[in-house]
J.: 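Below: one structure in structure tokens.
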There are 2 protein chains.
Amino acid sequence: MRTVDPAKHEAKRRHIIESAASCFARAGFDKTTVADICTAAGISSGSLFHYFPSKRAVFTAIFEQDGRDNAERLAAAVDSDDPWGAVLEQVEYMARSLADPEAAGLAFEVVAQAGRDSELAELVTRDDREVREKLAVLLRRAAQQGQIDASIEPATAATWVVGLVDALYTRAGADSEFAPAEQLGTLRLILAGFLRAESRSP
Amino acid sequence: MRTVDPAKHEAKRRHIIESAASCFARAGFDKTTVADICTAAGISSGSLFHYFPSKRAVFTAIFEQDGRDNAERLAAAVDSDDPWGAVLEQVEYMARSLADPEAAGLAFEVVAQAGRDSELAELVTRDDREVREKLAVLLRRAAQQGQIDASIEPATAATWVVGLVDALYTRAGADSEFAPAEQLGTLRLILAGFLRAESRSP
DNA sequence: GTCTATATACCGATAGAC
DNA sequence: GTCTATCGGTATATAGAC
């Protein structure tokens, strides 16, 4: 016989997290004030601190949520019959996220913040490792099925798959004329040159 | 008959810039206070504001200097007799910069800041374009000499050369076990698979 | 040119009524 | 659980003596 409804509590938390994410993406962590988040979420500061112990905790919660979403998506892909196709699908999914300017802004912000917050750095590192491990599983199976060159270590291959997606983000950030959607073909070409067996013996 | 010595003025500016760069790399732009910079530089805030109109101007000055340095280095490389070798040398140079944790921290910080400062964004974009244009010149000559596949547009090739170096930075930032020096070989392999003519007809 | 001292403003977090 | 009001701390930039 609880007096609180856990579902409602969770929904409100989500609402605050989403409002905050938009603020952080636009202005960065430090220049986003608690008042900004409260205005965006339509609540008071007293209420925000009822749900989160600090402004930083709101920021961190965004990436805890993101890590869970990523893990779920990859867990669903890991049993695919076409592992190489599944890898390419994941690359395309990650590239599509870039179309949302909010996601791109947050991605840069979290890395910058992680550089001086060891707790956040650990969270980011853990999520990143999980993504690479799941990709490595797919890549190992792709090699076993002869879809890609078996001589490349799956972990190394996974690292560079993620690295190439990273490059899509950094290039879009540094060069306003860079169109990620148009460059996805080149990315696939680079990946094929690196990993695909047939490209080595045409 | 000037009363001020321009060389001394410039030297002091440099000293402030270098002290500030170290602070910004460690704590980020927003969490670095003017007082921090002054302590690091051994001056007072009154003195700092004699050389720079604002804290942001100090930050920007770091990347104006960096842009000039990059342009100079690439201008010296652009006439090389071995253009493909020169490209690889530049890649190695940029990768080596990553060994300095200060440079890596600043790189993430400037991108995050550029996302909300259009003037800084313009500066970063301009510097980045200059690097890519010089690399494109080298890559075009490399194709003419048969060192690389001539069917790939030099501008696109240059974009991805820089993108792969970016990946070195992001991977080092996201994964503490990633060793850039060890991964340089894989980077070269990926570049070769993408660009080198002989890798397509071995 | 360099300093000290400070104006002015804002922010994160808390207290406590309802 | 949500609000209003506010405290304590800190930041950039300026003023003005030397």
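Here the structure is a predicted model, which is why all the values come from computation and not from measurement. What's counted below: heavy atoms across the whole structure, side chains too, no hydrogens, waters or symmetry copies. Letters A, B, ... are given to chains in the order of the sequence lines, protein chains preceding strands, and every chain is numbered from 1.
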J.: Would you jot down, in residue-number order, the residues of residues 54-63 of chain A having a non-hydrogen atom under 4.0 Å from DNA chain C?
T.: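 Within residues 54-63 of chain A, the residues near DNA chain C are Ser54(A), Lys55(A).
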J.: Could you list the residues that satisfy ring-ring contact (aromatic ring centres under 6.0 Å, His included) with Tyr51(A), not counting sequence neighbours?
T.: His9(A)
J.: Between Lys31(B) and Glu109(B), is there a salt bridge with N-O shorter than 4.0 Å?
T.: no
J.: State whether a side-chain donor-acceptor pair under 3.5 Å links Gln65(B) with Arg68(B).
T.: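 Judged by distance alone, the side chains do pair up.
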J.: Could you write out DNA chain D as dot-bracket? Rules: Watson-Crick or G-U wobble, both distances under 3.5 Å, brackets [ ] for crossings, | for pairs with another strand, dot for unpaired.
T.: ||||||||||||||||||
J.: Identify, residue by residue, the members of residues 12-35 of chain A with a heavy atom below 4.0 Å from DNA chain C, and return them in order of residue number, or none.
T.: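 The stretch gives Thr32(A), Thr33(A), Val34(A) as the residues lying under 4.0 Å from the strand, ordered by number.
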J.: Output yes when Arg132(A) and Asp128(A) qualify as a salt bridge under the 4.0 Å nitrogen-oxygen rule, no when they do not.
T.: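 Asp128(A) and Arg132(A): salt-bridged.
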J.: Under 4.0 Å, counting only non-hydrogen atoms across every strand here, what does Tyr51(B) touch: a base, just sugar-phosphate, or nothing?
T.: sugar-phosphate
J.: Is there a donor-acceptor pair closer than 3.5 Å between any side-chain N or O of Asp36(A) and the backbone N or O of Thr33(A)?
T.: yes
J.: Ignoring hydrogens and geometry, is there a side-chain-to-backbone donor-acceptor pair from Lys55(B) to Ile37(B) under 3.5 Å?
T.: no
J.: So Leu139(B) and Trp84(B), side chain to side chain contact (heavy atoms under 4.5 Å, CB included) or not? Walk me through it.
T.: CA-CA 7 Å; Leu139(B) 288 162; Trp84(B) 174 245; 4.1 Å; yes
J.: For Phe59(B), what residues pass the ring-ring contact (aromatic ring centres under 6.0 Å, His included) criterion, not counting sequence neighbours?
T.: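 Here the qualifying residues are Phe24(B), Phe29(B), Phe63(B).
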J.: Phosphate oxygens OP1/OP2 of dC3(C): is one of them under 4.0 Å from a side-chain N or O of Ser47(B)?
T.: yes
J.: What I want to check is whether the side chains of Arg129(A) and Thr125(A) have a donor and an acceptor closer together than 3.5 Å.
T.: no
J.: Output yes when a side-chain donor or acceptor of Arg141(A) lies under 3.5 Å from a complementary backbone atom of Ser80(A), and no otherwise.
T.: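 It does hold such a pair.
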J.: Any side-chain heavy atom of Val124(A) within less than 4.5 Å of one from Val111(A)?
T.: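 No - every pair of side-chain heavy atoms lies 4.5 Å or more apart.
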J.: Please confirm whether the backbone N or O of Val162(A) pairs with a side-chain atom of Arg171(B), one donor and one acceptor, at under 3.5 Å?
T.: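 No.
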J.: Give me the distances for all protein-to-nucleotides 14-17 of chain C N/O pairs that come in under 3.5 Å?
T.:
| unit_1 | atom_1 | unit_2 | atom_2 | d |
| --- | --- | --- | --- | --- |
| dT14(C) | O4 | Ser45(A) | OG | 3.4 |

J.: For Thr32(B) and Cys23(B), indicate whether the former's side chain and the latter's backbone hold a donor-acceptor pair under 3.5 Å.
T.: yes
